[in-house]
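What follows is a short report on a single structure.
Residue numbers run from 1 in the order of the sequence given.
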Amino acid sequence: MHIRFTKMQGAGNDFVVLDETRGALGLSKAQYRWLADRHFGVGADQILTVRPSPGPGLDFEYIIHNADGGEVEHCGNGARCFVRYVRDKGLTDRNPVRVKVQQGELSLRLNDDGRVTVDMGPPTFELGRIPFNSQDLDPQTRGAWEQWPLQLTTDRQVLVSVLSMGNPHAVMLVDDVDTAPVREWGPQIENHPRFPARVNAGFLQVVDRSHVRLRVFERGTGETLACGTGACAAVVAGIRLGLLDNEVDVQTHGGVLTIAWQDDATHTAPVLMTGPATTVFEGEVDVPDVD
Ligand SMILES: N[C@H](CCC[C@H](N)C(=O)O)C(=O)O
């Protein structure tokens, strides 16, 4: 199948963007995986698809597939590229743009300085909705685990704060992200049996109350240069642990994301993420009928 695509990146998290506003491409999981493949395909962390509005009050539907071909609930860096794409392609002149994702709706605003601010919605802490499997735990232990951080047994005991930004995250505090065992522990946490849908594993170094460093071993992709939902999850965890103020610059290998969360006793305030979104090149390719 011959397709056109746009290559984009947000803080080094890179994407192939597909336009299905004039008709569905009907790609298979294997074809998404091929598009993401950095040797046999185009190469990307995720594949983003723009689809027509699914209903009133919404401008588009936003679909995300990981490099392993699996469809997922959310991609924060991708959301910033999404609004850059639909505006640059003349698919809308609205600002902000409202899009439907699996778990809800997002508002995406292109700022005058070229950065993009996304209202990522509120975090979710209820273990069953992350999802985090705690059925075998007695209610008292389970209740305690709701209070964070949770003990995970990998090849050693690790403490993680678990939450959802629409997609699942486990955030672990480390002294130095440069020496953190991301490649060793990332896959163990990603595939831990406590996470029936797997999980994105964040490694968070607190520099001061408004600056952190972060590496994320992403579910279905591996370590990326930046993870937008991971930056949101890490800052939310840091604020709830009393380590961070309510606006934080997150230094990733690919750039800086600014995350703001005005937490209160209900923990239901929306998380705002601001960062870059860049078009790298336009392309077209014959996607093979892989399976
Ligand atoms: N790997 C993530 C999806 C992409 C998230 C990340 N690229 C972002 O910017 O939020 C997951 O499986 O939930």
Side-chain angles (χ1 to χ4, degrees), residues 3-22 25 32 35-36 42-54 57-67 71-102 104-121 165-167 216 218 221 224-232 249-250 252-260 270-285:
I3 66 164
R4 295 180 184 281
F5 66 88
T6 300
K7 188 73 188 330
M8 301 186 78
Q9 60 87 8
N13 191 192
D14 68 332
F15 310 106
V16 163
V17 184
L18 304 175
D19 182 349
E20 289 194 0
T21 57
R22 298 176 184 81
L25 295 172
Y32 284 115
L35 277 170
V42 176
D45 291 328
Q46 279 87 30
I47 312 296
L48 313 180
T49 301
V50 183
R51 289 195 180 145
S53 165
L58 292 164
D59 299 306
F60 300 97
E61 186 173 16
Y62 167 31
I63 305 291
I64 304 109
H65 289 83
N66 275 329
E71 184 177 347
V72 289
E73 309 89 344
H74 201 328
C75 176
N77 289 322
R80 298 197 312 278
C81 291
F82 189 103
V83 69
R84 159 95 49 224
Y85 179 89
V86 295
R87 297 266 306 175
D88 289 356
K89 293 290 185 181
L91 295 176
T92 183
D93 57 4
R94 289 173 185 251
N95 195 22
V97 170
R98 290 198 59 77
V99 303
K100 174 83 176 64
V101 287
Q102 263 191 31
E105 302 174 10
L106 302 178
S107 174
L108 321 176
R109 175 185 295 280
L110 213 50
N111 300 326
D112 294 340
D113 66 1
R115 297 199 305 166
V116 179
T117 295
V118 180
D119 176 338
M120 301 285 282
M165 286 304 305
N167 58 347
V216 180
E218 286 198 29
T221 295
T224 57
L225 295 183
C227 177
T229 52
C232 294
D249 280 348
V250 180
T252 73
H253 281 161
V256 177
L257 301 177
T258 301
I259 310 298
V271 183
L272 300 183
M273 171 191 64
T274 299
T278 304
T279 297
V280 182
F281 65 87
E282 304 285 345
E284 50 190 290
V285 68

Quiz prompt | Pair Leu18-Val50, side chain to side chain contact (heavy atoms under 4.5 Å, CB included): steps then yes or no | solution = CA-CA 6 Å; Leu18 304 175; Val50 183; over 6 Å; no
Quiz item: Does Arg51 reach the side chain of Ile63, with side-chain heavy atoms less than 4.5 Å apart?
Solution: yes
Exercise. Check for a donor-acceptor pair, side chain of Thr229 on one end and backbone N or O of Gly76 on the other, with a separation under 3.5 Å.
Key: no
Quiz prompt | Val216 to Gly230 - nearest heavy-atom pair and separation | solution = CG2-CA, 4.4 Å
Exercise. Can you see which heavy atom on Arg98 is nearest to which on Ser107, and at what distance?
Key: NH1-CB, 3.6 Å
Quiz prompt | Spacing of CD belonging to Glu20 relative to OG1 belonging to Thr49, to within rounding of 0.5 Å | solution = 5.0 Å
Quiz item: Do Val99 and Glu61 have side-chain heavy atoms sitting under 4.5 Å apart?
Solution: no
Practice problem: Output all residues satisfying salt bridge (Lys or Arg N to Asp or Glu O under 4.0 Å) with Arg109, sequence neighbours left out; order by chain, then residue number. | Solution: none
Quiz item: Do Arg4 side-chain atoms and Glu284 backbone N/O form a donor-acceptor pair below 3.5 Å?
Solution: no
Quiz item: Quick one: side chain to side chain contact (heavy atoms under 4.5 Å, CB included) partners of Val271, sequence neighbours excluded?
Solution: Met120, Pro123, Met165, Cys232, Val236, Ile259, Trp261
Exercise. Check whether any side-chain heavy atom of Val250 lies under 4.5 Å from a side-chain heavy atom of Thr258, and answer yes or no.
Key: no
Quiz item: Nearest heavy-atom pair of Pro276 and Val256: which atoms, and what distance?
Solution: CD-O, 3.9 Å
Quiz item: Is there side-chain contact between Pro54 and Phe60, with at least one heavy-atom pair below 4.5 Å?
Solution: no
Quiz item: Quick one: salt bridge (Lys or Arg N to Asp or Glu O under 4.0 Å) partners of Glu71, sequence neighbours excluded?
Solution: none
Practice problem: Go through the steps for Glu282 and Thr6 under the test side chain to side chain donor-acceptor pair (under 3.5 Å), then give the verdict. | Solution: CA-CA 5 Å; Glu282 304 285 345; Thr6 300; 2.6 Å; yes
Quiz prompt | Salt bridge flag under 4.0 Å for residues Glu105 and Lys100 | solution = no
Quiz item: Tell me, do Cys81 and Gln9 make a side-chain contact under 4.5 Å, heavy atoms counted?
Solution: no
Quiz item: Do any N or O atoms from the side chain of Arg84 and from the backbone of Ala277 form a donor-acceptor pair under 3.5 angstrom?
Solution: yes
Self-check item: Partners meeting side-chain hydrogen bond (donor to acceptor under 3.5 Å, both in side chains) with Asp59 (sequence neighbours left out)
Solution: Arg94
Exercise. Identify, with sequence neighbours excluded, every residue that meets side chain to side chain contact (heavy atoms under 4.5 Å, CB included) alongside Val285.
Key: Ile3, Phe5, Trp34, Leu35, Val42, Val287
Quiz prompt | Heavy-atom pair of closest approach, residues Ala226 and Gly10 | solution = CB-O, 4.4 Å
Quiz item: Sequence neighbours excluded, which residues qualify as side-chain hydrogen bond (donor to acceptor under 3.5 Å, both in side chains) partners of Asn111?
Solution: Thr117
Practice problem: For residues Met8 and Thr278, determine if any side-chain heavy atom of one lies less than 4.5 Å from a side-chain heavy atom of the other. | Solution: no
Quiz prompt | Side-chain touch Arg115/Leu110, heavy atoms, less than 4.5 angstrom | solution = no
Quiz prompt | Between CG on residue Leu108 and CZ on residue Arg87, distance to nearest 0.5 Å | solution = 11.5 Å
Self-check item: Ala36: side chain to side chain contact (heavy atoms under 4.5 Å, CB included) partners, not counting sequence neighbours
Solution: Ile47, Ala67
Practice problem: Return the set of residues passing side-chain hydrogen bond (donor to acceptor under 3.5 Å, both in side chains) with Lys7 (not counting sequence neighbours), or none when no residue passes. | Solution: Asp14
Practice problem: For Cys227 and Leu257, work out which heavy atoms get closest and say how close. | Solution: O-CD1, 4.2 Å
Quiz item: Under 3.5 Å, is there a donor-acceptor pair linking the side chains of Asn77 and Gln46?
Solution: no
Practice problem: Please list, chain by chain and in numerical order, all residues satisfying side chain to side chain contact (heavy atoms under 4.5 Å, CB included) with Asp19, sequence neighbours excluded. | Solution: Thr21, Arg22, Tyr85, Leu91
Exercise. Apply ring pair (Phe, Tyr, Trp, His ring centres under 6.0 Å) to Tyr62 and list each qualifying residue two or more places apart in sequence or on a separate chain.
Key: Phe82
Self-check item: Any side-chain donor near an acceptor of the partner, Glu73 and Asn167, under 3.5 Å
Solution: no
Quiz item: Do any N or O atoms from the side chain of Thr279 and from the backbone of Phe281 form a donor-acceptor pair under 3.5 angstrom?
Solution: no
Quiz item: Does Thr252 have any side-chain hydrogen bond (donor to acceptor under 3.5 Å, both in side chains) partners at least two apart in sequence or in another chain, and if so, which?
Solution: none
Exercise. Applying ring pair (Phe, Tyr, Trp, His ring centres under 6.0 Å), name anything that partners His65, two or more places apart in sequence or on another chain.
Key: Tyr32
Quiz prompt | Thr221 versus Asp45, side-chain donor and acceptor atoms under 3.5 Å | solution = no
Quiz item: Is there a side-chain contact between Arg80 and Val118, using heavy atoms and a 4.5 Å cut-off?
Solution: yes
